[in-house]
**Student:** 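Encoded as structure tokens, here's the structure I'll be asking about.
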Amino acid sequence: MIIILKKGAPKTEVDELCRGIEAQNIIINEVRGEHTTILGLIGDTHKIDMEAIQAQEIVESVQRVQEPYKGVNRKFHPEDTVISVGNTKIGDGNVAVIAGPCSIETEEQIVDTCMKVKEAGANLLRGGAFKPRTSPYSFQGLGGEGLKLFLKAKKATGLPIVTELMSLAHLDLFADVDVIQVGARNMQNFEMLKELGKCNKPILLKRGLSSTIEELLMSAEYIFAGGNTNVILCERGIRTFETQTRNTLDISAVPVIKSLSHLPVVIDPSHATGKYELVEPMSMAAVAAGADGLIIEVHNNPQKALCDGAQSLTPKHFSACVKKCSSIASVMGKTVGTQQ
């Protein structure tokens with residue numbers, strides 16, 4: 001339920017209204033705009049008397065919200081949410097560029113790649129220490145040792161790091177990680193989402209392989225319900241009947257999600273396409289569609305990569321990709337990465 005208050009509603013009367021609502025075990029999310037104040041009611045609102053609230057002098061209108069997600073709903077929060085990670089802002093015209101290798105292999109590989117993507121315009125680093133692989137015989141990542149190497153790259157570049165959490169048993173190892181990524185396979189790991197709702201780190205939530213947009217938003221709602229509102233949504237391709245690409249990148253998800261939610265949306269063209277030559281055009285399309293960020297796999301030697309070399313850009317190709325995306329963004333009044 002949403003209550004829209006009249007402009008200039010006295011604070012004492014607003015507080016009294018809120019106390020009466022909260023007494024019915026309802027959580028109130030208050031959003032104050034320049035001209036409008038909105039009270040978003042979260043909980044079992046069926047017993048709330050809409051007519052009694054509407055009759056109050058300070059109330060402009062009362063609306064019931066049909067969607068099952070409340071906290072992430074744009075109706076509750078009309079203004080776009082901007083996520084701050086270090087000195088980087090994701091949203092509000094800032095198209096963040098998150099880049100690095102699929103998996104952390106050696107200190108030389110991760111530090112060298114991260115230094116080069118920073119030089120090309122990335123403002124966050126990605127790298128996998130724990131790797132979810134389809135085959136149990138594939139490289140599974142270096143685990144805790146990989147995180148230590150990633151922290152060395154963080155120190156060398158001064159950039160925030162993004163890496164995937166595979167299990168809550170590893171959560172203590174992520175104390176110095178700036179953004180925790182929830183992979184597609186864990187999008188509906190509700191126990192993990194509940195726990196991440198208690199932490200104070202931004203969460204990069206990837207859409208599941210066969211998940212609807214509403215299911216993605218409901219997963220984000222789990223994190224919100226725990227108290228953590230720093231959620232970044234990620235479209236990384238969905239499984240369809242098409243076999244020419246690894247997955248099918250749903251570019252339309254960007255404007256669709258933005259119409260439904262206030263959360264920032266980033267695109268992962270690497271996992272979506274599975275082919276390095278498709279990463280650049282899909283990145284450009286994502287920026288044109290209004291994405292708030294890109295997460296791109298870059299390796300200093302893709303031919304020898306232990307994981308997903310076929311979809312990884314070289315630092316040279318990555319630099320060219322960022323420049324082209326920056327040209328598109330400039331037309332829209334936006335900035336890509338650290339490109340000016």
**Student:** With a 4.5 Å limit on heavy-atom distance, are the side chains of Pro68 and Met218 in contact?
**Tutor:**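 In short, these two side chains touch, coming nearer than 4.5 Å.
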**Student:** Do Met282 and Ile267 pass the side chain to side chain contact (heavy atoms under 4.5 Å, CB included) test, and can you show the C-alpha distance, the side-chain angles, and the key distance before you say yes or no?
**Tutor:** CA-CA 9 Å; Met282 291 299 95; Ile267 289 285; 5.9 Å; no
**Student:** Taking all non-hydrogen atoms of both residues into account, name the closest pair between Pro101 and Thr113 and its distance.
**Tutor:** CD-CG2, 3.9 Å
**Student:** Please report the shortest heavy-atom distance between Arg126 and Ile296, naming the atom on each side.
**Tutor:** CD-O, 3.6 Å
**Student:** Using only atom types and a distance under 3.5 Å, with no angle test, would you say the side chain of Ser259 pairs donor to acceptor with the backbone of Val256?
**Tutor:**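 Yes; at least one donor-acceptor contact below 3.5 Å.
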**Student:** Heavy atoms, side chains only, cut-off 4.5 Å: are Asp178 and Pro202 in contact?
**Tutor:**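 No, side chains not in contact.
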**Student:** Looking at Asp44, I'd like to know if its CG atom is crowded, meaning that more than 12 non-hydrogen atoms belonging to other residues, nucleotides or ligands lie closer than 6.0 Å.
**Tutor:**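 Atom CG in Asp44 is crowded, with more than 12 foreign heavy atoms closer than 6.0 Å.
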**Student:** Looking at Met284, is its backbone amide N or carbonyl O close enough to the side chain of Lys324 to form a donor-acceptor pair, meaning the two atoms are under 3.5 Å apart?
**Tutor:** no
**Student:** Closer than 3.5 angstrom, by distance alone: can the side chain of Thr163 be matched with the main-chain N or O of Gly127 as a donor-acceptor pair?
**Tutor:**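 Checking the backbone N and O of Gly127 against the side chain of Thr163, a donor-acceptor pair under 3.5 Å is found.
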**Student:** Measure the shortest side-chain to side-chain distance between Leu149 and Leu142 over non-hydrogen atoms and say whether it is less than 4.5 angstrom.
**Tutor:**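 With C-beta onward as the side chain, the pair touches.
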**Student:** Tell me whether Ile2 shares a hydrophobic cluster with Leu260, the cluster being built from Ile, Leu, Val, Met, Phe, Trp, Tyr side chains joined at under 4.5 Å.
**Tutor:** no
**Student:** More than 12 heavy atoms of other residues, nucleotides or ligands under 6.0 Å from CZ of Phe76: is that the case?
**Tutor:**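 More than 12 within 6.0 Å, yes.
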**Student:** Please check this pair: side chain of Lys154 against backbone of Ile161, looking for a donor-acceptor N/O pair closer than 3.5 Å.
**Tutor:** no
**Student:** Kindly indicate, with the supporting measurements, whether the criterion side chain to side chain contact (heavy atoms under 4.5 Å, CB included) is fulfilled by Leu165 and Phe130.
**Tutor:** CA-CA 7 Å; Leu165 177 69; Phe130 299 91; over 6 Å; no
**Student:** Taking atom NZ as the centre, does Lys316 end up with more than 12 heavy-atom neighbours from other residues, nucleotides or ligands that are less than 6.0 angstrom away?
**Tutor:** no
**Student:** Go through the steps to decide whether Leu125 and Ile98 satisfy the test side chain to side chain contact (heavy atoms under 4.5 Å, CB included), and finish with yes or no.
**Tutor:** CA-CA 5 Å; Leu125 305 174; Ile98 309 166; over 6 Å; no
**Student:** Kindly say whether Ser103 contributes a backbone atom to a donor-acceptor pair with the side chain of Gln109 at under 3.5 angstrom?
**Tutor:** yes
**Student:** Would you find a donor on one side and an acceptor on the other, under 3.5 Å apart, between the side chain of Ser219 and the backbone of Met187?
**Tutor:**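 Flag set: sc Ser219 to bb Met187 pair under 3.5 Å.
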**Student:** Should Ile28 and Glu22 count as side-chain neighbours, where that means a heavy-atom distance under 4.5 Å?
**Tutor:** yes
**Student:** Heavy atoms only: give me the nearest Lys334-Val95 pair and the separation to one decimal.
**Tutor:**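 Closest approach of Lys334 to Val95, heavy atoms only: CD-CG2, 4.1 Å.
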**Student:** For Asp49, is the CG atom crowded, meaning more than 12 foreign heavy atoms sit under 6.0 Å from it?
**Tutor:** yes
**Student:** Hey, are Lys70 and Glu221 close enough for a salt bridge, meaning a charged N less than 4.0 Å from a carboxylate O?
**Tutor:**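 Between Glu221 and Lys70 there is no salt bridge, as every charged N stays at least 4.0 Å from the carboxylate O atoms.
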**Student:** Can you check whether Arg74 reaches Leu263 side chain to side chain, under 4.5 Å on heavy atoms?
**Tutor:**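 No, their side chains stay 4.5 Å or more apart.
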**Student:** What's the separation between atom CZ in Phe174 and atom CG in Leu168, rounded to the nearest 0.5 Å?
**Tutor:** 10.5 Å
**Student:** Hey, is the main chain of Val279 close enough, under 3.5 Å, to the side chain of Ser283 for a donor-acceptor pair?
**Tutor:** yes
**Student:** Indicate the atoms forming the closest heavy-atom contact of Val298 with Ala99, along with that distance.
**Tutor:** CG2-CB, 4.1 Å
**Student:** Which value, rounded to the nearest 0.5 Å, describes the distance between Lys275 atom NZ and Thr245 atom OG1?
**Tutor:**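 Result: 7.0 Å between the selected atoms.
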**Student:** Indicate the atoms forming the closest heavy-atom contact of Gly43 with Ile26, along with that distance.
**Tutor:** C-CD1, 4.0 Å
**Student:** Show the numbers, then the answer: is there a side chain to side chain contact (heavy atoms under 4.5 Å, CB included) between Leu204 and Glu164?
**Tutor:** CA-CA 9 Å; Leu204 177 69; Glu164 183 173 351; over 6 Å; no
**Student:** Give a yes or no on this: more than 12 heavy atoms of other residues, nucleotides or ligands lie within 6.0 Å of atom CG of Asp15.
**Tutor:** yes
**Student:** Side chains of Glu235 and Lys206: closer than 4.5 Å at any heavy-atom pair?
**Tutor:**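 SC-SC contact between Glu235 and Lys206 ruled out.
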**Student:** Examine distances only and state if a side-chain atom of Thr157 and a backbone atom of Ala153 form a donor-acceptor pair shorter than 3.5 Å.
**Tutor:** yes
**Student:** Distance from Thr37 atom OG1 to Lys6 atom NZ, nearest 0.5 Å?
**Tutor:** 14.0 Å
**Student:** Walk me through whether His299 and Glu105 qualify under side chain to side chain donor-acceptor pair (under 3.5 Å).
**Tutor:** CA-CA 10 Å; His299 197 288; Glu105 300 165 5; 3.2 Å; yes
**Student:** Hey, does Glu297 have a side-chain heavy atom less than 4.5 Å from the side chain of Asp308?
**Tutor:**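 Yes, their side chains come closer than 4.5 Å.
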**Student:** Does the side chain of Val266 come within less than 4.5 Å of Leu233's, by heavy atoms?
**Tutor:** no
**Student:** So if you build clusters from Ile, Leu, Val, Met, Phe, Trp, Tyr with side-chain heavy-atom gaps below 4.5 Å, do Val177 and Ile110 land together?
**Tutor:** yes
**Student:** Check the pair Lys89 / Ser84 against side chain to side chain donor-acceptor pair (under 3.5 Å), numbers first and verdict last.
**Tutor:** CA-CA 4 Å; Lys89 292 187 181 297; Ser84 295; 3.2 Å; yes
**Student:** Do Leu17 and Ile27 belong together in a cluster built from hydrophobic side chains that touch within less than 4.5 Å?
**Tutor:**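 No, Leu17 does not connect to Ile27 through the hydrophobic network.
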**Student:** Quick one: CD on Glu195 to CG on Leu171, what's the gap to the nearest 0.5 Å?
**Tutor:**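 Those atoms lie 6.5 Å apart.
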**Student:** Can you get from Leu39 to Met50 by hopping between Ile, Leu, Val, Met, Phe, Trp and Tyr side chains that sit under 4.5 Å apart?
**Tutor:**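 Yes, because Leu39 and Met50 connect within a single hydrophobic cluster, where side-chain heavy atoms sit under 4.5 Å apart.
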**Student:** Show the nearest heavy-atom pair for residues Asp268 and Ser270, with the distance to one decimal.
**Tutor:** OD1-N, 3.0 Å
**Student:** Mind checking whether Tyr222 and Val265 sit in one hydrophobic cluster, side chains of I, L, V, M, F, W, Y counted as touching below 4.5 Å?
**Tutor:** yes
**Student:** Salt-bridged, Glu30 to Arg32, with N to O below 4.0 Å?
**Tutor:**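 Salt bridge: yes.
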**Student:** Heavy-atom count around Glu242 CD within 6.0 Å, excluding the residue itself: above 12?
**Tutor:** yes
**Student:** For the pair Glu16 and Arg19, find out whether any cationic side-chain nitrogen is under 4.0 Å from an anionic carboxylate oxygen.
**Tutor:** no
**Student:** When you measure from the side chain of Gln56 to the backbone N and O of Ile53, does any donor-acceptor pair fall under 3.5 Å?
**Tutor:** no
**Student:** Do Arg64 and Thr45 pair up side chain to side chain, a donor and an acceptor below 3.5 Å, judged on atom types alone?
**Tutor:**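 Present: a donor and an acceptor within the cut-off.
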